[in-house]
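Comments concern the structure below.
Computation of the quantities below employed the complete heavy-atom set of this structure, encompassing side-chain atoms and omitting hydrogens, waters and symmetry-equivalent molecules. By convention in this document, chain letters (A, B, ...) are assigned in the order of the sequence lines, proteins followed by strands, and residues within each chain are numbered from 1.
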Amino acid sequence: MDYSIRGCDIIVSERDLDLDETLDCGQAFRWKKIASDYDCTYEGRFLNDYLMVSQEKSGQFIFHNTTEEDLLGKWVDYFDLSTDYSEIKRRLSEDETLSKACGFAGGIRLLRQDKWECLISFIISQNNNIPRIKGIIDRLCERYEGRFPTADELSRETADSLAYLRSGFRAKYIEDASKRTASGNTALDTIAKLPIEEARSALREIKGVGPKVAECVLLFGMHRTEAFPIDVWIKRVMAEYYPNGFPAFAADIAGIAQQYLFHYIRCNS
DNA sequence: CGCCAGGACGCCC
DNA sequence: GGGCGTCATGGC
């Protein structure tokens, strides 16, 4: 990554990033594509920090109204800009299918999201589609001046008082996750550092958190790149290309590979 | 009307 | 331990 300051904006050069692929691939649900003069522009938030970011046709990125301090202190981390994704793709390309997937969706990066927001978001995601997931999260954040509520705030709600979300049977799961997290019964910061199997079981104590949601929280919210969420699409990939299991040489970055594969199979079948 | 959506749960055998 | 109906909601 390379960057330069231009007035109130910061221009970032990074080859292994595509905003459409990264912000609209189902790993984060709160980025909105807005009209602009650029190739594409998104606005969104990480915790309490707002960002508008554009991608130009040249491949450069404009972080609007951003200080150097915010770029280096927050957004470099969020977009995982200090990780060399060229090297990751080189490693994965030892496998033929992964090589194709990387070639197809090489601009995906694994965002370093907030654990808590990620937990609630993927509880909402179960048996749901992406537009409706976004709608539910929008309604939730609208109630808190556009920011994502804290666990303390949400723990004061009940499944009934959450009816305005129209999240269906997931409301009782949101209630349980909130009360557990607010009380300290579920300690997300601690879970993030546990050995993967212990982290899995700790997350699955929460009602509504099964294998898939737990893997998503580990991967997207805790940056555990060995986590490997399996949904209907990845099941197809596994059945067709990896009947004997995912290649062991890439086990430590299986979750990143999963993102490339997910995008690849969905757009090409 | 039916089917499906980045699933999990409860119950069955 | 695997198989299956059920759970809200909304778009098609």
Side-chain angles (χ1 to χ4, degrees), chain A residues 20-31 44 101 104-105 108-111 113-115 117-143 157-181 186 191 197 199-243 246 254-269:
Chain A
D20 284 323
E21 290 175 4
T22 298
L23 299 179
D24 204 22
C25 67
Q27 65 171 317
F29 302 102
R30 226 146 56 90
W31 290 94
F104 179 75
I108 296 183
R109 304 178 79 87
L110 190 58
L111 299 170
Q113 302 185 65
D114 176 59
K115 306 170 183 65
E117 176 175 340
C118 207
L119 170 62
I120 297 300
S121 297
F122 281 93
I123 283 175
I124 291 170
S125 80
Q126 67 177 261
N127 199 22
N128 217 338
N129 56 59
I130 291 177
R132 210 171 83 85
I133 298 166
K134 288 181 177 175
I136 294 169
I137 295 175
D138 275 351
R139 288 191 284 281
L140 177 61
C141 295
E142 266 176 37
R143 176 116 347 170
E157 305 293 332
T158 65
D160 284 341
S161 73
L162 290 173
Y164 71 96
L165 294 178
R166 303 199 297 281
S167 63
F169 59 86
R170 305 165 191 85
K172 55 182 179 290
Y173 300 152
I174 296 173
E175 181 182 346
D176 187 59
S178 303
K179 289 186 163 59
R180 279 176 185 276
T181 306
T186 294
I191 292 174
E197 283 302 336
R200 281 182 177 121
S201 5
L203 286 171
R204 291 188 54 178
E205 286 175 15
I206 303 165
K207 288 188 191 114
V209 176
K212 167 65 167 47
V213 172
E215 293 304 286
C216 286
V217 175
L218 283 164
L219 182 60
F220 302 128
M222 300 176 173
H223 206 80
R224 298 292 292 262
T225 57
E226 72 271 46
F228 192 75
I230 296 178
D231 59 31
V232 286
W233 295 98
I234 296 299
K235 268 182 191 160
R236 288 179 206 173
V237 173
M238 296 302 287
E240 189 170 345
Y241 300 105
Y242 307 111
F246 185 78
I256 300 178
Q258 191 266 14
Q259 285 298 97
Y260 296 130
L261 290 169
F262 179 75
H263 200 72
Y264 178 64
I265 195 77
R266 278 191 70 185
C267 297
N268 293 292
S269 61

Exercise for review: Rounded off to whole Å, could you give me the NZ-to-P distance for the A:Lys235 and C:dG2 pair?
Suggested key: 12 Å

Revision key, fill the gap. Taking a pair to mean Watson-Crick or G-U wobble geometry with both distances below 3.5 Å, B:dC3 pairs with C:dG11

Practice item. Please work out if A:Pro131 contacts a base, only the sugar-phosphate, or nothing of the nucleic acid, heavy-atom cut-off 4.0 Å. Key: nothing

Exercise for review: Could you tell me the separation between the CG atom of A:Asp176 and the P atom of B:dA8, rounded to a whole number of Å?
Suggested key: 15 Å

Review point. Does any N or O in the side chain of A:Gln126 come within less than 3.5 Å of the main-chain N or O of A:Val213, such that one atom is a donor and the other an acceptor?
Key: no

Point to revise | A:Gln126, nearest nucleotide to its side chain (from B:dG6, B:dG7, C:dA8) | key: B:dG7

Practice item. For the pair A:Thr181 (side chain) and A:Ala177 (backbone), establish whether a donor and an acceptor sit closer than 3.5 Å, ignoring hydrogens and angles. Key: yes

Review point. Is a side-chain donor or acceptor of A:Arg30 paired with a backbone partner of A:Cys141 at a separation under 3.5 angstrom?
Key: no

Study note, to complete from the structure: Rounded to whole Å, CG of A:Asn129 lies from P of C:dA8 at a distance of 17 Å

Review point. Between atom CD1 in A:Ile123 and atom P in B:dG6, what is the gap in whole Å?
Key: 18 Å

Point to revise | Verdict with supporting geometry, A:Ile230 and A:Glu215, side chain to side chain contact (heavy atoms under 4.5 Å, CB included) | key: CA-CA 8 Å; A:Ile230 296 178; A:Glu215 293 304 286; over 6 Å; no

Exercise for review: Determine the sole option in A:Met222, A:His223, A:Gln27 for which the side-chain contact (heavy atoms from CB on, under 4.5 Å) test with A:Gln113 is passed.
Suggested key: A:Gln27

Point to revise | side-chain N/O A:Arg166 vs C:dG10 OP1/OP2, d < 4.0 Å | key: yes

Check your understanding: Would you call A:Lys179-A:Glu175 a salt bridge at under 4.0 Å N-O?
Key -> yes

Check your understanding: Say you pick atom P in B:dC9 and the same atom in C:dG10; how far apart are they, in whole Å?
Key -> 23 Å

Study note, to complete from the structure: Rounded to whole Å, the OH-P distance (A:Tyr173 to C:dC7) equals 11 Å

Check your understanding: Could you give the CZ-to-C1' distance, from A:Phe169 to C:dG5, as a whole number of Å?
Key -> 13 Å

Practice item. Considering only atom P, compute the distance from B:dG6 to C:dG2 and round it to an integer number of Å. Key: 25 Å

Check your understanding: Which part of the nucleic acid, if any, lies within reach of A:Gly26 when heavy atoms closer than 4.0 Å are counted: base, sugar-phosphate only, or nothing?
Key -> base

Practice item. Pick the P atom in B:dC1 and in C:dT6, then give their distance to the nearest Å. Key: 16 Å

**Study point:** P-based separation of C:dC4 from B:dC4 [nearest Å]
**Key:** 15 Å

**Study point:** Residue whose nearest DNA chain B nucleotide is more 5′ - A:Asn128 or A:Gly208
**Key:** A:Asn128

Exercise for review: Please work out if A:Arg132 contacts a base, only the sugar-phosphate, or nothing of the nucleic acid, heavy-atom cut-off 4.0 Å.
Suggested key: base

Review point. Hey, can you pull the residues of residues 214-231 of chain A with a non-hydrogen atom under 4.0 angstrom from DNA chain C?
Key: none

Practice item. Please work out which of the three classes, parallel, tilted or perpendicular, describes the rings of A:Phe220 and A:Phe122, given edges at 30° and 60°. Key: parallel

Exercise for review: Using distance alone, with no hydrogens and no angle criterion, decide if A:Glu117 and A:Ser121 have a side-chain donor and acceptor under 3.5 Å apart.
Suggested key: no

Review point. Planes under 30° and centres closer than 5.5 Å, is that true for A:Phe262 with the base of B:dG6?
Key: yes

Review point. Between B:dA8 and C:dG11, how far is it from one P atom to the other, in whole Å?
Key: 24 Å

Exercise for review: Rounded to the nearest angstrom, tell me the gap between atom CZ in A:Arg204 and atom C1' in B:dC9.
Suggested key: 11 Å

Practice item. Measure from CG on A:Asn127 to P on B:dC3 and round the result to the nearest Å. Key: 14 Å

